[in-house]
There are 2 protein chains.
Amino acid sequence: MKMAELGRRSGIPVATIKFYLREGLLPAGEYRLPNQATYTDEHLRRLTMIRALLEVGGLSIAAAKRVLHAIDSDMPLAETFEVAQQAISETPDPSTLNPAALAIVDDITRGWHMFPENPGRLAAARAIDTFWSIGQEDTHGWFAQYAKAAMFAAEADIDELQARTGRDAQAETVIVGTLLGDALFAALHRAAQEHVTSLRFTTDHNHHEV
Amino acid sequence: MKMAELGRRSGIPVATIKFYLREGLLPAGEYRLPNQATYTDEHLRRLTMIRALLEVGGLSIAAAKRVLHAIDSDMPLAETFEVAQQAISETPDPSTLNPAALAIVDDITRGWHMFPENPGRLAAARAIDTFWSIGQEDTHGWFAQYAKAAMFAAEADIDELQARTGRDAQAETVIVGTLLGDALFAALHRAAQEHVTSLRFTTDHNHHEV
DNA sequence: GCTATCGGACAGTAAAAGTATCCATAAATA
DNA sequence: TATTTATGGATACTTTTACTGTCCGATAGC
């Protein structure tokens, strides 16, 4: 298919597709002549993925590009994981982190196998420091529960990953699981908050407390 | 204190503070004369909160404004919750959602008490639909685990909320818990992924598998 | 042969988040 | 008290990001 059809089928304006092409998000079509290219269903699929990364994952064009290149390359899965992680949010500079916050992170993740420079570890410390800076205290138990929740999700991720075969399918699952997984969690988290709130705070007389 | 000191103590450029003032994020100082205002530690605290919402929470100026106004107002907590939820990400239009995705959400949240228009429910359906659209399938178990993780976090949130007294402290905890909570989860999630990956995929011969 | 379409280059636009400059007062200080 | 410095407000400018539009010479298809 050619540009116009690619645009029509994906629902993305041709000018925008050309832009993604320029930015290196979408690989070029195959040229029969210097100015006539044909695009395949692979391109269509790629466009869907691009929109997912940008809209649901909230990535910038530059971050999406890094992530897509990580999928395309043949780097080992562990590295793909790292690219995905770094695309989500920049890793804070360890030297600017509050050591007390880092200590809490290390405490609630006791027994976890990870490198000290793990981006998640550092970002968690930054989040905790921010909690404190706006006056939330005595939050140790709260954070520990979050660590448990995170472990739950991570185990599900890896179960899912092991259900796939082939490096490419796995790499894609890594990216999608990391990026859309956070979005899904956030959404379910909000739903769960409403549920728990209604259980504990309801004044509705028709409502039976648990 | 005056502008210059507020800037120095907060580490935020004066021009930027004036901008926040204009945008209604930061309340005006108290005026002794038409062009001499004094600012208090409350303003300093507020600036910290603004930066937390913008940088760690990833909110836009407009969203941060809505959230801060929700804290300032005396609206009931349930409504404050809703403002916080809507600030994080816009609620998808239900009519554009894939009914099958909604059905999955309703299945994995079976027994949860929530309104059909809950923003989390709709956003979760959108995330799931996106998963599918890029070819991830057989993901029911994966999603169900995420629902469990979300419930864990939500329970911790409410425990923490109930530990606070006074509507203002609770409102702030609601906002902070919802926004920074997602950031904290995402960070811990990444840390947990490294842990679980190293457990299951390691080729390190010194490493004992579980 | 003629018109419609193609891909590429490049310029333009819109929104978001600041940043800089002016200026008429006030404050501080010499 | 005279003079320098600082203040708050208005307004204009800048930068980044993510597109969008216009033009053009080269095909495609009738």
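The chains referred to below are lettered A, B, ... by the order of the sequence lines, with proteins before strands, and numbering in each begins at 1.
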Are there any protein N/O atoms within less than 3.5 Å of an N/O atom in nucleotides 26-28 of chain D, and if so, which ones and at what distance?
residue: D:dA26; atom: O4'; partner: A:N35; partner atom: ND2; Å: 3.4
residue: D:dT27; atom: OP1; partner: A:N35; partner atom: OD1; Å: 3.0

Are [X] and [Y] within salt-bridge range, i.e. N to O under 4.0 Å?
X      : Y      : answer
B:R200 : A:D159 : yes
B:R45  : B:E172 : yes
B:R126 : B:E90  : no

Nearest heavy-atom pair of [X] and [Y]: which atoms, and what distance?
X      : Y      : answer
B:A191 : A:R121 : CB-N, 4.2 Å
B:A101 : B:A125 : CB-O, 3.4 Å
B:H113 : A:S198 : CB-OG, 3.2 Å

Nearest whole angstrom, please: distance from the [atom2] of [N] to the [atom1] of [X].
X     : N      : atom1 : atom2 : answer
B:E55 : C:dG18 : CD    : C1'   : 13 Å
B:Y31 : C:dA26 : OH    : C1'   : 14 Å
A:M3  : C:dG8  : CE    : C1'   : 10 Å
A:E30 : C:dG7  : CD    : P     : 13 Å

Is a side-chain donor or acceptor of A:E160 paired with a backbone partner of B:T139 at a separation under 3.5 angstrom? no
Is it the case that the side chain of A:Q86 and the backbone of A:T91 share a donor-acceptor pair, with hydrogens and angles ignored and the cut-off at 3.5 Å? no
Residues within residues 42-52 of chain B bordering DNA chain C, heavy-atom distance below 4.0 Å: none
Where along residues 60-68 of chain B does a heavy atom fall under 4.0 Å from DNA chain C?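 Of all residues in residues 60-68 of chain B, the ones placing a heavy atom under 4.0 Å from DNA chain C are B:S60, B:I61.
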Side chains of residues 179-190 of chain A: which donor-acceptor pairs under 3.5 Å do they make with residues two or more places apart or in other chains?
residue: A:D182; atom: OD1; partner: B:H189; partner atom: ND1; Å: 3.0
residue: A:H189; atom: ND1; partner: B:D182; partner atom: OD1; Å: 3.0
residue: A:H189; atom: NE2; partner: A:Y146; partner atom: OH; Å: 3.3
residue: A:H189; atom: NE2; partner: A:Q193; partner atom: NE2; Å: 3.4
residue: A:H189; atom: NE2; partner: B:D157; partner atom: OD2; Å: 2.6
residue: A:R190; atom: NH1; partner: A:A186; partner atom: O; Å: 3.2
residue: A:R190; atom: NH2; partner: B:S89; partner atom: OG; Å: 2.9

Is any side-chain heavy atom of A:D72 closer than 4.5 Å to one of A:H69? yes
Name the residue closer to the 5' end of DNA chain C, choosing between B:L54 and A:E5 according to the nucleotide with the nearest heavy atom.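 The residue whose closest nucleotide sits nearer the 5' end is A:E5.
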Under the ring-ring contact (aromatic ring centres under 6.0 Å, His included) test, which residues partner A:Y20, sequence neighbours left out? none
Quick one, which residues of residues 14-27 of chain A touch DNA chain D with a heavy atom under 4.0 Å? A:A15, A:T16, A:F19, A:Y20, A:R22
CG-NE2 distance between B:N118 and A:H195, expressed to the nearest 0.5 angstrom: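 That separation rounds to 12.0 Å.
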A:T16 versus A:R51, side-chain donor and acceptor atoms under 3.5 Å: no
